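Just so we're clear, the structure is a prediction, and the values are computed from it rather than from any experiment.
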Amino acid sequence: MKIGERLETIGRLVPAGSVLADIGTDHAYLPVWLLQQGRISRAVAGDIAAGPCEAARTTIAMHGLQDRVEVRQGSGLEVLQPGEADCIVIAGMGGSTISSILAAAPEIARSAKLLVLQPMAGAAGLRQWLTTNGWQLTDEELVDDPPHFYEIICAKPGQDKAYSAAEYAVGPVLLRKGHRLLAQQLARQINGCRLLLHNMGRSEKARASAKYQELQALLAALEVLQR
């Protein structure tokens with residue numbers, strides 16, 4: 001079964017032997033692939049909408065895994081009981097949506113040994129939310145799959161330090177391990193910052209705002225990291 005580099009990278013971050021909860025599972029491709037690889041023991045595939053749940057059941061049945069993957073319809077982590085999953089994957093949503101899902105069910109989230117999160121946007125804000133809400137950033141990955149560039153964040157319950165705005169933007173673990181795509185990540189963040197400053201610079205009111213000053217400081221810090 002081919003699932004693409006994004007999902008394969010997420011899958012490789014799931015600890016071997018885990019009971020997986022795939023939240024926002026869509027077609028259940030990730031849990032089915034992980035079971036085929038022998039990496040997990042079983043899985044819960046959750047989605048808020050009936051259509052994706054039905055698609056997930058179809059995928060699971062096609063591969064004869066009905067006894068290993070249970071599909072549950074519901075919002076976020078409400079499809080789980082505390083301690084039911086060792087690893088929770090939430091992928092393909094905005095960073096603020098992911099943090100809202102975690103905040104809505106902290107007991108369930110914190111009963112897992114590991115979170116594997118793949119925000120489509122807002123990764124910096126998600127990193128900051130995690131470290132200020134009792135989560136430790138343990139690993140990060142990047143996937144360049146044009147036209148998309150994905151950031152994947154792993155976190156476990158525990159205290160972490162507060163990072164700088166530039167570290168949150170780029171990824172402190174990516175910086176520490178010198179990821180092979182780090183140069184691209186830095187260039188993306190710098191270009192995004194410059195574009196925001198350019199657009200805001202058209203307005204005198206925006207140029208006088210605290211946000212504009214914060215972006216200028218962030219850009220300067222990112223350029224230092226790029227050297």
Side-chain angles (χ1 to χ4, degrees), residues 1-15 17-123 125-126 129-130 133 135 141 143 145 147-155:
M1 181 179 179
K2 299 287 188 181
I3 61 171
E5 188 179 357
R6 176 184 73 100
L7 287 180
E8 283 196 15
T9 304
I10 292 169
R12 287 194 293 270
L13 293 168
V14 174
S18 294
V19 176
L20 173 71
D22 184 25
I23 304 303
T25 192
D26 198 5
H27 285 71
Y29 293 143
L30 179 64
V32 166
W33 183 79
L34 285 168
L35 283 165
Q36 289 180 331
Q37 300 295 311
R39 285 193 56 85
I40 60 173
S41 59
R42 56 189 177 86
V44 174
D47 206 287
I48 195 170
C53 286
E54 190 56 38
R57 291 187 186 97
T58 299
T59 301
I60 292 160
M62 282 175 56
H63 296 275
L65 292 170
Q66 298 94 318
D67 60 333
R68 307 281 298 280
V69 190
E70 183 179 352
V71 179
R72 300 178 189 171
Q73 185 177 351
S75 177
L77 300 182
E78 72 176 25
V79 300
L80 298 172
Q81 296 297 317
E84 190 174 13
D86 303 315
C87 179
I88 296 172
V89 170
I90 310 176
M93 306 178 197
S96 60
T97 300
I98 293 173
S99 59
S100 295
I101 287 171
L102 297 172
E107 183 183 3
I108 295 170
R110 298 181 74 77
S111 70
K113 295 175 183 175
L114 185 71
L115 304 178
V116 182
L117 312 172
Q118 184 264 300
M120 296 300 290
L126 178 57
W129 184 91
L130 288 164
N133 284 274
W135 294 91
E141 273 296 338
V143 176
D145 186 15
H148 301 293
F149 193 88
Y150 300 106
E151 300 179 58
I152 305 166
I153 302 163
C154 294

Polar side-chain atom of [X] near backbone of [Y] as donor-acceptor pair, under 3.5 Å:
{"X": "S111", "Y": "G83", "value": "yes"}
{"X": "E78", "Y": "S75", "value": "yes"}
{"X": "R6", "Y": "Y150", "value": "no"}
{"X": "T97", "Y": "M93", "value": "no"}
{"X": "T9", "Y": "E5", "value": "yes"}
{"X": "E141", "Y": "I152", "value": "no"}
{"X": "Q73", "Y": "I48", "value": "yes"}

(message) If the threshold is 4.0 Å, N to carboxylate O, is there a salt bridge linking R72 and E84?
(response) yes
If you look at every heavy atom in [X] and [Y], which pair is closest and at what distance?
{"X": "L30", "Y": "L7", "answer": "CD1-O, 3.6 Å"}
{"X": "L114", "Y": "C154", "answer": "CD1-CB, 4.1 Å"}
{"X": "G94", "Y": "P119", "answer": "C-CB, 4.5 Å"}
{"X": "P31", "Y": "I40", "answer": "O-CD1, 3.9 Å"}
{"X": "A123", "Y": "I153", "answer": "O-CD1, 4.1 Å"}
{"X": "A109", "Y": "L102", "answer": "CB-CD2, 4.0 Å"}

(message) Does the structure place the NZ or CZ of R39 under 6.0 Å from the centre of the six-membered ring of W33, at an angle of no more than 45° from the ring's axis?
(response) no
(request) Among I98, L115, I88, find the one that has a side-chain contact (heavy atoms from CB on, under 4.5 Å) with I23. (result) I88
(message) Out of the candidates L20, L34, I60, only one should pair with V69 under the side-chain contact (heavy atoms from CB on, under 4.5 Å) rule; please name it.
(response)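 Of the listed options, the one satisfying the test is I60.
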Would you compute the distance between atom [atom1] of [X] and atom [atom2] of [Y] and round it to the nearest 0.5 angstrom?
{"X": "E8", "Y": "I3", "atom1": "CD", "atom2": "CD1", "value": "5.0 Å"}
{"X": "H27", "Y": "M62", "atom1": "NE2", "atom2": "CE", "value": "10.0 Å"}
{"X": "W135", "Y": "S99", "atom1": "CH2", "atom2": "OG", "value": "12.5 Å"}
{"X": "H63", "Y": "Y29", "atom1": "NE2", "atom2": "OH", "value": "8.5 Å"}

(request) Assess whether atom CD of Q36 is packed by more than 12 heavy atoms of other residues, nucleotides or ligands within 6.0 Å. (result) yes
(request) May I ask you to check whether over 12 heavy atoms, not counting those of R57, lie within 6.0 Å of atom CZ? (result) yes
With a 4.5 Å limit on heavy-atom distance, are the side chains of [X] and [Y] in contact?
{"X": "M1", "Y": "V32", "answer": "yes"}
{"X": "V71", "Y": "D47", "answer": "no"}
{"X": "P15", "Y": "D86", "answer": "no"}
{"X": "C87", "Y": "V116", "answer": "yes"}
{"X": "V143", "Y": "F149", "answer": "no"}

